[in-house]
Amino acid sequence: MHQNPTYSITAHPKLTTLENWILSRTRLISILGLSGIGKTALTLQLIPQIQHEFDRIIWRSLRNSPPLASLQTDLIKFCRGGAPVPAPYPEERATTGGLPLLEYLRSHRCLIILDDVQTIFSSQQLAGNYQPGYENYGAFFKQLTESSHNSCLILLSGEKPREIATLESENRPCKSLQLNGLGPEAQEIFREKGLGESEKWSELIDLYRGNPLWLNIVATMIQDLFSGSVSEFLSYDTLFLGDLESLLHQQCDRLTASEQQAMGWLASTPEPADISKIPENLQLSRAELLNVMQSLGRRSLVETVQKNGRSHFKIAPVIREYITNKK
């Protein structure tokens, strides 16, 4: 089960979008974003709003990488006699027979939430590649999207499954929600931490991209090291990472050598980069770079901005600082 930051936000700005997707009978919803961005917190806010729509609600984590057969057995057991669960629920293991899971999802309106989906993907490969033996999860997600049933599957992941891009469109029952951090709502974190100088809070939110976990860690650092003075913290040229460094290491340690090259290039480029202009020291072909940038996007590690009608790419200041410090 997740250890969530101790903050409360009254209503996540993406909550209405998710509710509308649920009401329109979307069968598969992916909620994507970096660790700590608020995927779990948003889903916990969603459940009370939509639980009356479902006969049963079940939450499972894939953190321990259960084989698909084991997960399906667990889900069938729950569908046979479970009750709505409004929060992450401890995993149970049992062997049971019965009809395939899809039959239960047709006869009951169930909401299945799978957390930590990125743990079934391989490290040091482009984003969304399954670990050996877990490729059947891709077929499972595809089946639940394309088959007729009354239920909904929500995936919470730091990486976008590769088949999701081909399944989703405006008129298909598969949607993805990219979480990019909070705006002014994140100020509640600073209030709960007792920080002063509220006129400086928006600068902190921008630097740390509204990531609730990052902001929670930084607010604690400001209290511990700067007696709560946001101005003093911001007066330094260096962007302090503190406990964020280990979190970023976990994320960046999954990257391929080509992705690490591209991230190093983006970190050394002060302005958003144009991928049509490959620097000589970047030993990637154009095709390789395109694949790498798509993969980094699926990991939520790059941001896209429009300049002169073209897409340019950059990384968050926190990630830039981490990569620069590693060199």
Side-chain angles (χ1 to χ4, degrees), residues 1-4 12 14-15 18-33 38-121 134 136-158 161 164 167 173-177 179:
M1 196 180 301
H2 273 281
Q3 297 297 317
N4 295 312
H12 195 288
K14 298 291 187 180
L15 194 58
L18 285 177
E19 288 184 45
N20 290 338
W21 287 352
I22 294 287
L23 293 174
S24 63
R25 299 293 175 124
T26 303
R27 296 183 193 131
L28 190 148
I29 297 171
S30 299
I31 303 177
L32 307 165
K39 300 183 292 294
T40 299
L42 171 58
T43 308
L44 288 172
Q45 285 192 21
L46 173 69
I47 289 175
Q49 305 299 317
I50 50 83
Q51 60 185 357
H52 62 280
E53 290 285 323
F54 294 94
D55 302 320
R56 291 163 188 169
I57 298 174
I58 182 170
W59 187 306
R60 291 291 183 264
S61 171
L62 302 188
R63 180 174 294 182
N64 295 324
S65 303
L68 179 60
S70 175
L71 176 69
Q72 287 181 315
T73 296
D74 187 24
L75 295 176
I76 290 172
K77 179 195 172 189
F78 179 86
C79 289
R80 291 179 68 185
V85 179
Y89 188 74
E91 296 213 59
E92 298 170 349
R93 290 285 175 251
T95 302
T96 181
L99 296 172
L101 176 62
L102 192 56
E103 294 301 316
Y104 289 101
L105 301 184
R106 286 172 176 152
S107 59
H108 300 87
R109 182 145 160 79
C110 301
L111 175 63
I112 300 171
I113 301 160
L114 299 183
D115 204 350
D116 297 304
V117 172
Q118 72 279 350
T119 58
I120 62 174
F121 300 132
Y134 289 84
N136 53 359
Y137 268 93
F140 174 61
F141 298 152
K142 189 172 187 290
Q143 181 190 38
L144 290 191
T145 300
E146 296 181 336
S147 300
S148 176
H149 59 83
N150 301 312
S151 299
C152 178
L153 174 65
I154 294 180
L155 308 179
L156 310 185
S157 182
I164 296 299
L167 291 171
C174 178
K175 307 287 185 189
S176 292
L177 183 68
L179 295 190

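Just so you know, residue 1 is the first one in the sequence shown, and it goes up from there.
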Check for a donor-acceptor pair, side chain of H149 on one end and backbone N or O of E103 on the other, with a separation under 3.5 Å.
no

Which of parallel (below 30°), tilted (30 to 60°) and perpendicular (above 60°) describes F141 and Y137?
tilted

Could you tell me which non-hydrogen atom of L101 sits nearest to which non-hydrogen atom of I76, and how far apart they are?
N-CD1, 3.7 Å

With sequence neighbours left out, the residues meeting side-chain contact (heavy atoms from CB on, under 4.5 Å) with R25 are R109, N150

Value rounded to 0.5 Å, distance of NZ in K142 from OG in S147:
9.0 Å

Test side-chain contact (heavy atoms from CB on, under 4.5 Å) applied to I154 and I31, L177, L18, the passing residue:
I31

Can you check side-chain contact (heavy atoms from CB on, under 4.5 Å) on R27 and L144, steps first, answer last?
CA-CA 7 Å; R27 296 183 193 131; L144 290 191; over 6 Å; no

How long is the straight-line distance from CH2 of W59 back to OG1 of T43, given to the nearest 0.5 Å?
4.5 Å

Interatomic spacing from OG in S157 to CD1 in I120 - rounded to 0.5 Å:
8.0 Å

Report yes if some heavy atom in the side chain of I58 is under 4.5 Å from a heavy atom in the side chain of R60; otherwise report no.
yes

side-chain contact (heavy atoms from CB on, under 4.5 Å) for L46 and L15? Distances and angles first, verdict last.
CA-CA 6 Å; L46 173 69; L15 194 58; 3.9 Å; yes

Flag side-chain contact, heavy atom, 4.5 Å: I112 against I57:
no

Examine distances only and state if a side-chain atom of R63 and a backbone atom of V117 form a donor-acceptor pair shorter than 3.5 Å.
no

Rounded distance [0.5 Å steps], CG in L102 versus OG in S148:
8.5 Å

Compare all side-chain heavy atoms of I113 with those of L153 and state whether any distance is below 4.5 angstrom.
no

Between S61 (side chain only) and L114 (backbone N and O only), is there a donor and an acceptor less than 3.5 Å apart?
no

Closest approach of L179 and K14, non-hydrogen atoms and distance?
CD2-CG, 4.0 Å

Intermediate values then yes/no, side-chain contact (heavy atoms from CB on, under 4.5 Å), C152 and L28
CA-CA 6 Å; C152 178; L28 190 148; over 6 Å; no

Between the CG atom in L155 and the CD1 atom in I164, the distance rounded to the nearest 0.5 Å is 6.0 Å

side-chain contact (heavy atoms from CB on, under 4.5 Å) involving T119 - partner list, sequence neighbours excluded
L62, S65, D116

Spacing of I50 atom CD1 and L23 atom CG [to the nearest 0.5 Å]
9.0 Å

Sidechain-backbone polar pair: T26 side chain, W21 backbone, donor-acceptor under 3.5 Å
yes

Do L42 and L156 make a side-chain contact, defined as non-hydrogen atoms from C-beta onward lying under 4.5 Å apart?
no

Closest non-hydrogen contact found for S151 with H108 is OG-O, 3.0 Å

